[in-house]
Amino acid sequence: MSEPILQMQNISKHFGLTVALDHVDLTVYPGEIRGLIGENGSGKSTISSIAAGMQPATEGTMKFKGRDWAPKSMTDALEHGIGMVVQERGTIGGVSIAENIFLGNIDQFSTAGFVNRRKMNQAAKEILSLVGMENIDPALPTTVLDLQDRKLVEIAKVIARKPDIFVVDETTTALSQTGRQKIYDLMKEQKKQNKSVLFISHDLDELMEVCDTLTVLRDGNLIKSLTKEEFDEEEIKQLMVGRELKGDYYRSDYDGSYDKEVVLKIENGNFGEELKDLTLELHKGEILGVGGLSSCGMHTLGKALFGAVPLQSGRVTAGGQTITSEKTAMQHKIGYVSKDRDTEALNMDASILDNISIAGLDKIAKHGVITKKNERNLVKEQISSLSVKCREPKQAVSELSGGNKQKVVFGKWIGCDSEILILDCPTRGVDIGVKQAMYQLIYRMKKEGKSILIISEELAELIGMSDRLVIMKDGAISGEVTRSESLNESAVIGYMI
Amino acid sequence: MKLNKLAAVVLSAAMAGSLLLTGCGGSGNGGSGTEGGSKVDASDISDYGINQNVKIGVLASDLSTAEALSFRAYYEEYLGSQYDVDFIYSEQLGNAEEEISAIEQFIAQGCQGIISLSSFDRPGQIDLCESAGIYYGVAAGVLTDEEQKAYEDCEHYVGAVGPSLETEYQTGYDMAKYFIDKGDTSFLIFAGAAAFGTEMHIYRVAGMFEAMCEADASTSYNGATEKDDIITAIYGDLGVNADHFSSDTFTVSAVNGYNMDDAWFGEIAEKINTPGLQAVLAVGNGSDFFGSMAPEGVEVGSVDTYAEGYLNAMENGQLDYMAGKFSPSIAPIFVAVINAINGVPLRSDGSAFMIDQGYWIATNADEFKTFLDSSSATNPVYDKEILDQYISTPENVVSYSDFESFVSAYTFDDIQNLK
Amino acid sequence: MKKKINLKSKVVEIVSLVALAILAVTYLVMMGDRLSPYMLQTLLNQTIITAVVSTGAVFIYTTGAFDISLGSAVAVSAISGAMVYNKTESLFLMFLTMIAVGLLIELIDSALAAFLNLPVFVTTIAMLSVLSALVKIMIASGGGAKIEVPRAVVKTLDSVGLKVLILVVFIGLCIFIYNYTALGRREKFLGGNPICAKLTGISVKKLSILAFLIAGVGVGLAAFLTVVRAPTITTSTASSIGMDVIIAIVFGGMPASGGARSKISAALVGSVSMVLLSQIMVILNFSAGISQCVKSILFLAVVTLSGLKGRKAMLTR
Amino acid sequence: MKTGKSSIAKRLLGICTIPAGTILIFYIICAFRGIAFFETSNHVLIFFRSVATVTLTTFALSINLDSGRFDFSLGSIALLASVVGSTITLNYGLPPAAMLVITLIAGIVLGAFSGLLYVLLKLPALITSLGVTLLYESLVSIISGSGVSFGTQPELTQFSKGIPNMILVIVIALAFMYIVMNYTKFGFHYAALKDGQKVAVDTGIKEVGNAIGCYAIAGAMMGMVGYINATLTGTIQASLDFGSIGAMFVAFLPMFIGGFIGRFSENHFGMVLGAVTYAAIQLGFVRLGLSSEVQSLVSALVLVGFLIYLNNEHTLAALFTGKKKGGA
């Protein structure tokens with residue numbers, strides 16, 4: 001085997017008290033596509049971001065192309081050969097596409113301190129052509145692009161600098177199949193040129209298909225590296241979780257029955273391009289899955305059903321009453337778990353206690369007075385029944401892991417006795433162990449007669465959990481299937497594209 | 001968090017508790033409590049300010065103008081060095097509530113006397129000082145006649161020395177007369193705080209109008225030609241409304257307020273460039289706001305104070321007439337307060353006095369220079385030698401009439417004769 | 001290691017209280033044997049108005065907004081009440097008017113922002129201009145430089161007992177609302193994350209209006225206390241309250257962005273601290289410039305220390 | 001993007017409507033009252049001086065406010081910079097040009113120091129600026145007592161009396177902001193940090209330096225404002241207890257107008273036109289002889305009205321085109 005291009009030795013990273021990485025060694029060779037996999041909080045994003053200059057390591061040494069490696073910033077790293085496309089949004093809306101492409105790297109167009117915009121735009125145009133966006137005017141503000149195109153701009157920006165190591169962090173979640181294909185092609189091209197790729201994803205199928213080697217991390221430790229021949233789905237899952245998964249992952253029955261009573265309904269709902277004359281019913285005791293591409297409008301549907309989106313026409317009703325606001329929705333015992341957990345579902349500034357009790361204040365108030373005792377009881381009940389791992393209810397919710405945060409969100413809605421739950425991507429960023437627990441919880445709630453609407457971009461979980469599954473495309477329902485043992489992803493994908 | 005809350009509760013509880021304990025009996029310990037009567041036994045006279053330290057609180061609504069600074073320099077630097085007295089200055093007071101707070105603070109600190117340079121609520125000040133048993137005097141101002149009547153029998157209200165409204169009126173009159181006598185007919189009146197209803201400014205403006213009415217019978221302000229009617233009209237207009245002025249001889253434009261924003265300076269710039277304008281009659285600081293913007297030939301009259309900056313203005317022709325306060329003018333009330341504290345109050349027929357004190361008028365740089373020198377904190381016109389004559393001692397008990405004639409002789413020349 | 005950090009964060013939490021304690025001790029030492037019950041009464045008198053307005057304003061700050069027009073709101077409310085008294089000679093009606101006007105002003109302020117989608121800080125800045133112009137116009141309408149309520153009438157109300165009662169009841173009520181009712185808890189939650197609050201059925205508009213209304217009660221009470229203390233109202237009455245409140249609340253340990261770490265006690269702690277500080281400055285007999293300089297440095301120091309928690313890698317906005 | 005004829009017309013309309021409309025309205029009202037809007041050259045001077053100071057203040061306010069940094073200290077910077085500039089000039093008998101340069105440098109230093117405090121203390125800008133305001137005001141008082149007066153030296157007070165000077169100030173300030181914000185690395189980084197703080201910081205853009213730079217620019221602008229104000233009367237009055245914060249309030253209306261015009265043109269050019277609008281209102285009131293209370297009242301109402309329009313444009317547009325909103 002050839003000399004490694006990147007050697008990371010003994011890398012540790014601490015965030016205050018949290019140890020994100022604990023003495024990890026990682027080696028990358030030229031011409032390999034290396035996958036990094038692990039549950040949330042395993043440290044896979046952290047180690048790659050250290051290599052790519054986004055943050056410094058607390059401890060440890062790095063060698064890149066045989067030399068000591070300590071990039072000052074992402075721009076610095078990119079300049080010297082490691083370029084990363086980040087998980088979150090990596091473009092800035094208010095500035096032009098060209099400015100985004102050359103963010104932090106503007107000097108090449110400036111003479112005597114003045115930037116030549118024309119030169120910059122021309123250069124940007126060439127770069128855009130790398131990802132098939134040659135028809136876009138780089139002088140336009142980035143806001144004119146949709147999310148997928150913005151991601152492609154980021155990718156183009158990195159790939160244009162011909163990095164020796166191309167780091168892709170969970171980027172594919174934001175992309176459609178065509179977008180994904182583009183990025184896979186770019187990776188292969190990279191490999192062909194004997195350059196390397198570091199590919200981070202939670203999607204095991206994707207990784208097993210694309211990568212040459214896979215490194216599994218868990219709780220800030222490197223667990224094992226596998227070559228393509230060693231890939232085995234079950235083993236990898238076990239390595240990630242650190243124990244054998246016992247019991248059912250999804251639900252095991254194929255019953256698919258539910259009550260006839262309609263508990264929540266949207267009739268001819270319209271909202272821009274997101275919802276087009278959409279009608280959908282949720283029944284008592286039903287798990288209704290809603291799938292589709294990220295931009296198909298299903299996330300807006302979830303909000304609309306909770307009264308959080310003002311429909312242009314049509315209406316949402318529960319028990320015959322119109323839902324006009326989040327408040328009326330809550331009065332009808334509807335709960336909503338947003339897909340953007342940290343920004344929409346939780347108040348990161350506040351404690352676990354505050355976050356759980358906030359939806360149930362009316363329930364625990366006696367004559368309008370909230371007693372600490374009632375509040376604690378409510379919260380403790382949720383913490384223990386959902387087994388939220390925390391020191392105390394007063395602990396800040398921001399200190400919890402992704403899975404435990406999500407449990408707090410669930411606790412908030414279960415605690416206020418919601419009968420109807422709208423779950424938008426409920427297992428996003430949640431590790432497998434917690435995922436399994438959540439699936440079982442959802443199933444249990446169905447059994448208790450609660451109605452659940454799951455919106456997800458992961459077909460597997462929809463198929464695994466739903467009594468009925470509708471697929472959306474361009475703001476309308478494009479297909480509907482019911483629960484059966486024979487149902488598989490390929491049968492559903494056709495409706496999506 | 002818990003610690004935090006607990007501490008907060010304890011602290012506030014302690015505060016509230018001790019306050020409740022004091023209850024409403026809080027007339028306080030206040031001043032020295034030497035009861036002043038009209039008849040004094042010479043052996044009872046204390047020597048505060050001379051051999052014993054005395055603390056006097058100064059209420060100031062202004063701490064930053066030239067006048068305020070020169071007053072403060074006279075008290076702290078001159079009197080503070082000559083007598084055993086500590087002047088404790090308040091913060092810059094903005095309203096009646098803050099005046100009361102400041103007095104309470106002085107009382108709490110054991111001041112024996114208070115001198116007030118702040119006039120938001122004089123009755124309120126006297127009330128509080130009276131109930132606390134602390135001597136109170138007004139400097140550089142007086143009470144209204146009604147107020148004086150209502151409060152003159154208060155034992156701890158020493159008196160007031162300053163320009164009466166009548167004097168203010170006369171000051172405005174004299175200034176206008178000075179320019180009219182020169183033959184000027186086109187004026188810009190700066191009415192200052194008349195717009196906020198400040199009496200002394202309203203009276204000065206009224207005096208200016210009166211001088212014009214006298215010079216030409218066709219002149220009137222809002223139809224009024226008599227002093228009281230003119231004053232009422234200015235109150236009603238919230239300052240001077242030039243449209244209400246009519247005269248066959250005189251033309252008048254006006255600037256009100258002290259906004260000091262772009263619009264206000266714009267207004268000044270506009271009006272001072274009125275063709276034919278001959279003089280600016282300012283109820284306050286005329287040279288700073290108008291002097292430097294005045295075109296060649298426009299003269300400026302100002303009511304202000306003797307300070308270095310204005311001397312330059314006068315030398316450079318940006319100021320032509322100054323009715324100015326001299327910083328030692330606040331000495332007599334100090335003397336009176338000290339006497340009261342020492343148990344020999346100066347009472348006018350058993351009541352608090354109110355003595356009129358006017359301005360020094362300078363119309364050229366030489367006069368100005370002389371007056372300015374006499375206002376300094378190092379060599380003031382009212383020096384220790386003069387003041388000592390009016391501070392009672394067992395050997396020399398000062399009578400009210402002596403004091404009154406001393407204060408009334410406030411012109412520069414009169415004071416020279418006191419020595 | 002763990003303990004150390006906990007200790008540090010505890011210290012940071014009580015910085016404001018430590019500052020208050022230091023100021024109190026300094027003051028007591030300086031006063032020495034001049035210490036008297038009267039002194040405490042003085043402290044109360046000087047603290048109470050800012051404390052009452054600040055306490056109500058904590059609700060506004062909790063939601064992450066701020067209001068710089070509170071001072072002129074107090075003035076308008078005081079003048080309205082005084083005018084009503086002078087017409088009706090009823091102290092009760094005067095009191096009611098003050099509260100009503102306080103509520104009305106804050107209602108307009110917040111309703112403008114809520115229903116017309118305006119940024120609150122801009123409406124309060126505009127409101128500041130409008131209200132101060134209104135103060136001048138109202139005072140002028142009385143035909144003089146001031147509006148007065150007969151001194152003898154309000155003097156009967158100028159008692160320590162009544163003041164303590166108002167202070168304790170209002171602060172108590174605010175603490176109760178803040179910590180023991182759904183309203184208060186929701187205000188806090190709203191300050192932390194408005195989007196999440198909205199998606200939890202909390203009406204952002206309704207809550208921000210309610211927050212301003214509670215502040216409006218404080219404004220009305222402060223107007224009443226102002227008139228009781230100094231029945232002569234001029235254009236400059238209460239003019240410094242607007243900034244005093246901001247300084248006091250922040251000095252008292254309130255995070256400027258509101259949210260979960262907000263606390264009612266910040267208002268009282270900050271107000272008392274500021275009064276003590278100004279008393280100390282007067283005792284030291286510093287010139288105006290020096291004492292303001294000291295004040296600014298102390299303010300920045302205390303606020304910096306109490307802000308040590310919750311720092312981010314990026315600059316705070 | 002191609003610009004058709006109709007779209008150019010639309011842009012011109014968007015650019016000109018507000019300032020031209022305001023001037024027109026006052027022209028008409030003045031005409032009715034038998035007054036000329038610009039009667040003497042002095043009116044033109046007043047107008048341009050307002051445009052100059054308001055433009056500078058607007059640039060200073062917006063450079064930080066657009067990035068979420070509220071700065072109360074602008075007025076105190078203007079005040080202190082002019083006190084420093086004039087005191088040094090007077091003490092050493094320097095020529096007038098020196099006063100301009102020193103004031104400007106003082107403004108930059110004071111602004112940068114304010115930014116440095118913000119960066120070091122890591123507090124919200126609003127809070128730091130409260131402390132800075134108190135500090136600067138107190139320094140004015142400590143250095144100058146009641147203020148500085150040099151009205152007696154006419155050569156020092158010439159600057160703000162020349163219309164060309166005012167126009168020059170406006171042009172230079174606009175050119176400076178336009179070039180810095182659109183054609184320099186600083187400007188590119190500023191824009192990136194403004195809209196995407198996290199992304200920009202992660203990419204490695206030095207936020208701290210950029211922020212201090214913004215404060216320094218704001219300081220330069222306010223230094224210039226201080227210089228113009230000081231040379232207007234030759235006096236600088238000290239002010240305490242937040243007396244200086246009023247200076248920034250003039251900038252809100254022009255800033256929002258600038259944002260609106262910025263849709264059709266360059267943002268900073270829009271702010272100048274916003275300042276033109278403001279100056280026209282101001283001169284209009286002076287010409288009509290209305291009191292400054294009325295003026296501040298009307299300005300506040302115009303500000304609120306304009307914001308109501310800006311923030312509810314879509315609703316209003318929907319209302320006029322007859323489109324209905326909301327479910328049944």
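Chain letters run A, B, ... following the sequence lines, proteins first and then strands; every chain starts at 1. Bear in mind that the values here come from a model prediction, so they are computed numbers and not experimental data.
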For a quick test of reading the model, state the closest non-hydrogen atom pair linking [X] to [Y] and the distance between them.
X: A:W413; Y: C:L199; answer: CZ2-O, 3.5 Å
X: A:N347; Y: C:K188; answer: ND2-O, 4.4 Å
X: C:R185; Y: A:S357; answer: NH2-OG, 3.6 Å

Counting heavy-atom pairs under 4.5 Å with chain C, which one of A:K303, A:M348, A:E326 comes out on top?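 Of A:K303, A:M348, A:E326, A:E326 has the most heavy-atom pairs under 4.5 Å with chain C.
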
Between chain C and each of A:I358, A:L361, A:D362, A:L346, count heavy-atom pairs under 4.5 Å; write down the option with the most.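 Among A:I358, A:L361, A:D362, A:L346, the one with the most close pairs to chain C is A:I358.
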
Validation row: A:T371, C:Y180 side chains within 4.5 angstrom (heavy atoms):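 Result no, sub-4.5 Å side-chain heavy-atom pair not found.
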
Is C:K198 close to A:K327 at the side-chain level, that is, under 4.5 Å between some pair of heavy atoms?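 No, too far: nothing below the 4.5 Å cut-off.
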
For A:T343, does its backbone N or O pair with a side-chain atom of C:N193 as donor and acceptor, under 3.5 Å?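 Checked: pair present.
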
Just by distance, do the side chain of A:D349 and the backbone of C:A260 share a donor-acceptor pair under 3.5 Å?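 Present.
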
At a heavy-atom separation under 4.5 Å, does C:T181 approach chain A through its side chain, its backbone, both, or neither?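 The answer is both parts of C:T181.
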
Under 4.5 Å from any heavy atom of chain A, what part of C:I202 do you find: side chain, backbone, both or neither?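 Side chain only.
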
Chain C contact via [X] - side chain, backbone, both or neither, heavy atoms under 4.5 Å:
X: A:Q55; answer: neither
X: A:A329; answer: neither
X: A:D342; answer: backbone
X: A:A359; answer: both

Distance from C:C196 atom SG to A:N355 atom CG, nearest 0.5 Å?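 C:C196 SG to A:N355 CG: 6.0 Å, rounded to 0.5 Å.
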
Out of curiosity, A:D354 CG to C:F189 CZ, how far, rounded to the nearest 0.5 Å?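 The CG atom of A:D354 sits 7.5 Å away from the CZ atom of C:F189.
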
Examine the side chains of C:T200 and A:K412 and answer whether a donor and an acceptor come within less than 3.5 Å of each other.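 Note: C:T200 and A:K412 side chains meet the donor-acceptor criterion.
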
Any residue of residues 97-112 of chain C which, by heavy atoms, sits under 4.5 Å from chain A: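 Result: none.
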
With a 6.0 Å cut-off (strictly less than), is the heavy-atom count around NZ of A:K72, excluding the residue itself, greater than 12?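 Atom NZ in A:K72 is not crowded, with 12 or fewer foreign heavy atoms closer than 6.0 Å.
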
